[in-house]
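Residue numbering restarts at 1 for every chain, and letters A, B, ... go by the order of the sequence lines. Both backbone and side-chain heavy atoms feed into the values below; hydrogens, waters and symmetry mates do not.
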Amino acid sequence: MPELPEVEVTRRGVAPHLEDRIVEDVVLRREGLRWPFPPNLRELLAGRRILGTGRRGKYLLLTFEHGTLIVHLGMSGHLRVLPEGIELKKHDHFDLVVRGPEGRRVLRLHDPRRFGAVLWHDHDDGELEQHVLLRGLGVEPLEDKFSGALLHQATRNRSAPIKQVLLAGDIVVGVGNIYACESLFRAGINPKTAAGKISRARYDKLAEAIRDILAAAIVQGGSTLRDFIAVNGQSGYFQQTYFVYDRAGVPCRNCGTPVRQIKQGQRSTFYCAVCQR
DNA sequence: AAGCCTACCTGTTGGC
DNA sequence: TGCCAACAGGTAGGCT
């Protein structure tokens with residue numbers, strides 16, 4: 001589910017309910033997800049004020065004075081903000097209960113496949129950016145540092161296909177399977193092309209495509225394919241604007257040639273063999 | 001070091 | 001309708 005736009009939509013959704021609120025309770029309903037939950041989370045957070053929210057790649061960050069709560073939604077996770085007393089659903093694993101002007105609110109993490117994570121980074125343990133999960137991440141695609149020049153320079157020694165290099169996340173973060181396919185279509189680049197063989201001019205186009213597509217997806221509330229919903233329960237709409245993703249055999253919106261589906265590194269790739277060379 | 005593969009899970013879908 | 005295999009948006013970690 002959640003690539004960068006969905007995580008950013010989630011962050012923007014939860015932010016007004018969390019910022020400057022005091023945590024009153026933490027409820028853990030299992031040992032953990034991908035990794036164990038910090039067992040002392042309630043002691044760490046109860047009575048503490050949430051100073052702000054952030055995002056690094058697909059990691060959602062809740063900042064406290066003494067540390068940062070790191071939340072990852074994995075493939076199937078979503079967060080909702082609910083009034084107290086809403087009935088639990090299967091796979092509701094974690095609640096953060098906060099008090100605000102409108103009373104108590106519950107931030108509830110739902111994650112059927114349990115590839116998500118909730119971790120704590122204590123400020124005594126050094127810089128957040130040096131956290132083991134964050135330190136290897138590439139640049140943020142919506143920040144100024146991201147450019148065709150950066151993509152070009154960073155890929156000179158990469159022989160892997162551009163699609164897989166984008167997904168790897170060590171050069172640029174947040175571009176998952178959907179947005180990698182869509183961006184390569186927009187830039188007219190065949191996903192199988194070796195990353196190191198793509199020209200600077202084509203990378204300029206790709207960087208622009210990634211930026212534009214991610215930004216547009218955020219405006220649309222992200223993509224709702226199977227189960228993504230925003231904090232308020234609304235679906236995203238970006239999937240209606242897909243050019244290639246999930247459209248195998250359907251005529252290309254640009255040239256009419258049927259969209260192809262192939263496997264790259266066990267993941268589906270969708271592309272137009274005519275528009276993408 | 002790049003690049004490939006596996007593993008972690010449940011839910012949905014499509015073929016028979 | 002039921003059964004089963006294949007597949008799904010992410011990514012760390014282990015191997016070559």
Checking only heavy atoms, does the side chain of A/Arg113 share a donor-acceptor pair with the base of B/dC9 at less than 3.5 Å?
yes
With sequence neighbours excluded, tell me which residues meet side chain to side chain donor-acceptor pair (under 3.5 Å) with [X].
{"X": "A/Arg267", "result": "none"}
{"X": "A/Asp212", "result": "none"}
{"X": "A/Asp125", "result": "none"}
{"X": "A/Arg253", "result": "none"}

Quick one: closest heavy-atom pair of A/Pro258 and A/Gly249, and the distance?
CB-O, 3.8 Å
Could you state the atom-to-atom distance from [atom1] of [X] to [atom2] of [N] in whole Å?
{"X": "A/Glu31", "N": "B/dC9", "atom1": "CD", "atom2": "C1'", "answer": "17 Å"}
{"X": "A/Ile178", "N": "C/dC7", "atom1": "CD1", "atom2": "C1'", "answer": "14 Å"}
{"X": "A/Met75", "N": "B/dT12", "atom1": "CE", "atom2": "C1'", "answer": "13 Å"}
{"X": "A/Lys163", "N": "C/dG10", "atom1": "NZ", "atom2": "C1'", "answer": "12 Å"}
{"X": "A/Asp92", "N": "B/dT10", "atom1": "CG", "atom2": "P", "answer": "15 Å"}
{"X": "A/Leu60", "N": "C/dG10", "atom1": "CG", "atom2": "C1'", "answer": "15 Å"}

Dump every N/O contact between nucleotides 14-16 of chain B and the protein below 3.5 Å, one line per pair.
none

A/Arg49 meets the side-chain contact (heavy atoms from CB on, under 4.5 Å) criterion, sequence neighbours left out, with A/Asp20, A/Ile22, A/Leu51
Output all residues satisfying side-chain contact (heavy atoms from CB on, under 4.5 Å) with A/Arg21, sequence neighbours left out; order by chain, then residue number.
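Listed in chain order: A/Val98, A/Pro101, A/Glu102.
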Check: A/Ile189 and A/Tyr203 side chains under 4.5 Å, non-hydrogen atoms:
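Sidechains of A/Ile189 and A/Tyr203: no contact.
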Are A/His93 and A/His91 close enough that some pair of their side-chain heavy atoms sits under 4.5 Å apart?
yes
If we ignore angles and hydrogens, is there a donor and acceptor under 3.5 Å between the side chains of A/Gln220 and A/Thr241?
no
Rounded P spacing from C/dC4 to B/dC9 in Å
22 Å
Can you tabulate the close N/O pairs, meaning under 3.5 Å, that link protein atoms to atoms of nucleotides 2-6 of chain B?
{"unit_1": "B/dG3", "atom_1": "OP1", "unit_2": "A/Ser159", "atom_2": "N", "d": "2.7"}
{"unit_1": "B/dG3", "atom_1": "OP1", "unit_2": "A/Ser159", "atom_2": "OG", "d": "2.2"}
{"unit_1": "B/dG3", "atom_1": "OP1", "unit_2": "A/Ala160", "atom_2": "N", "d": "2.9"}
{"unit_1": "B/dG3", "atom_1": "OP2", "unit_2": "A/Arg158", "atom_2": "NE", "d": "3.4"}

Give the table of side-chain donor-acceptor pairs shorter than 3.5 Å for residues 162-186 of chain A, with sequence neighbours excluded, one pair per line with atom names and distance.
{"unit_1": "A/Lys163", "atom_1": "NZ", "unit_2": "A/Asn177", "atom_2": "OD1", "d": "2.8"}
{"unit_1": "A/Lys163", "atom_1": "NZ", "unit_2": "A/Ser268", "atom_2": "O", "d": "3.4"}
{"unit_1": "A/Lys163", "atom_1": "NZ", "unit_2": "A/Thr269", "atom_2": "OG1", "d": "2.7"}
{"unit_1": "A/Asp170", "atom_1": "OD1", "unit_2": "A/Arg158", "atom_2": "NH2", "d": "3.4"}
{"unit_1": "A/Asp170", "atom_1": "OD2", "unit_2": "A/Arg158", "atom_2": "NH1", "d": "2.9"}
{"unit_1": "A/Asp170", "atom_1": "OD2", "unit_2": "A/Arg158", "atom_2": "NH2", "d": "3.4"}
{"unit_1": "A/Asn177", "atom_1": "ND2", "unit_2": "A/Ser268", "atom_2": "O", "d": "3.0"}
{"unit_1": "A/Tyr179", "atom_1": "OH", "unit_2": "A/Glu6", "atom_2": "OE2", "d": "2.7"}
{"unit_1": "A/Tyr179", "atom_1": "OH", "unit_2": "A/Ser223", "atom_2": "OG", "d": "2.8"}
{"unit_1": "A/Glu182", "atom_1": "OE1", "unit_2": "A/Phe243", "atom_2": "N", "d": "2.7"}
{"unit_1": "A/Glu182", "atom_1": "OE2", "unit_2": "A/Phe243", "atom_2": "N", "d": "3.3"}
{"unit_1": "A/Glu182", "atom_1": "OE2", "unit_2": "A/Val244", "atom_2": "N", "d": "3.0"}
{"unit_1": "A/Glu182", "atom_1": "OE2", "unit_2": "A/Tyr245", "atom_2": "N", "d": "2.7"}
{"unit_1": "A/Ser183", "atom_1": "OG", "unit_2": "A/Tyr179", "atom_2": "O", "d": "2.6"}

Does [N] have its OP1 or OP2 closer than 4.0 Å to a side-chain nitrogen or oxygen of [X]?
{"X": "A/Lys90", "N": "B/dG11", "value": "yes"}
{"X": "A/His91", "N": "B/dC9", "value": "no"}
{"X": "A/Ser268", "N": "C/dA8", "value": "yes"}

Is the ring centre of A/His66 less than 6.0 Å from the ring centre of A/Trp120?
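So the answer is yes for these two rings.
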Let me have a per-nucleotide readout for nucleotides 11-16 of chain C, 5' to 3', with B, S or -, counting only protein heavy atoms under 4.0 Å.
BB----
Per salt bridge (Lys or Arg N to Asp or Glu O under 4.0 Å), A/Asp25 is matched among A/Arg48, A/Arg105, A/Arg42, A/Arg99 by A/Arg42
Once Watson-Crick and G-U wobble pairs under 3.5 Å are found, how is DNA chain C written in dot-bracket notation, 5' to 3', with | for any base paired to another strand?
.|||||||.|||||||
According to the ring pair (Phe, Tyr, Trp, His ring centres under 6.0 Å) rule, which pairs have a member within residues 135-156 of chain A, sequence neighbours left out?
none
Would A/Phe115 pass as stacked on B/dC8, i.e. its ring centre under 5.5 Å from the base's six-membered ring centre and planes under 30° apart?
yes
Which of these nucleotides, C/dG10, C/dC7, B/dT10, is closest to any side-chain atom of A/Lys263?
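Nearest to the side-chain atoms of A/Lys263, counting from C-beta on, is C/dC7.
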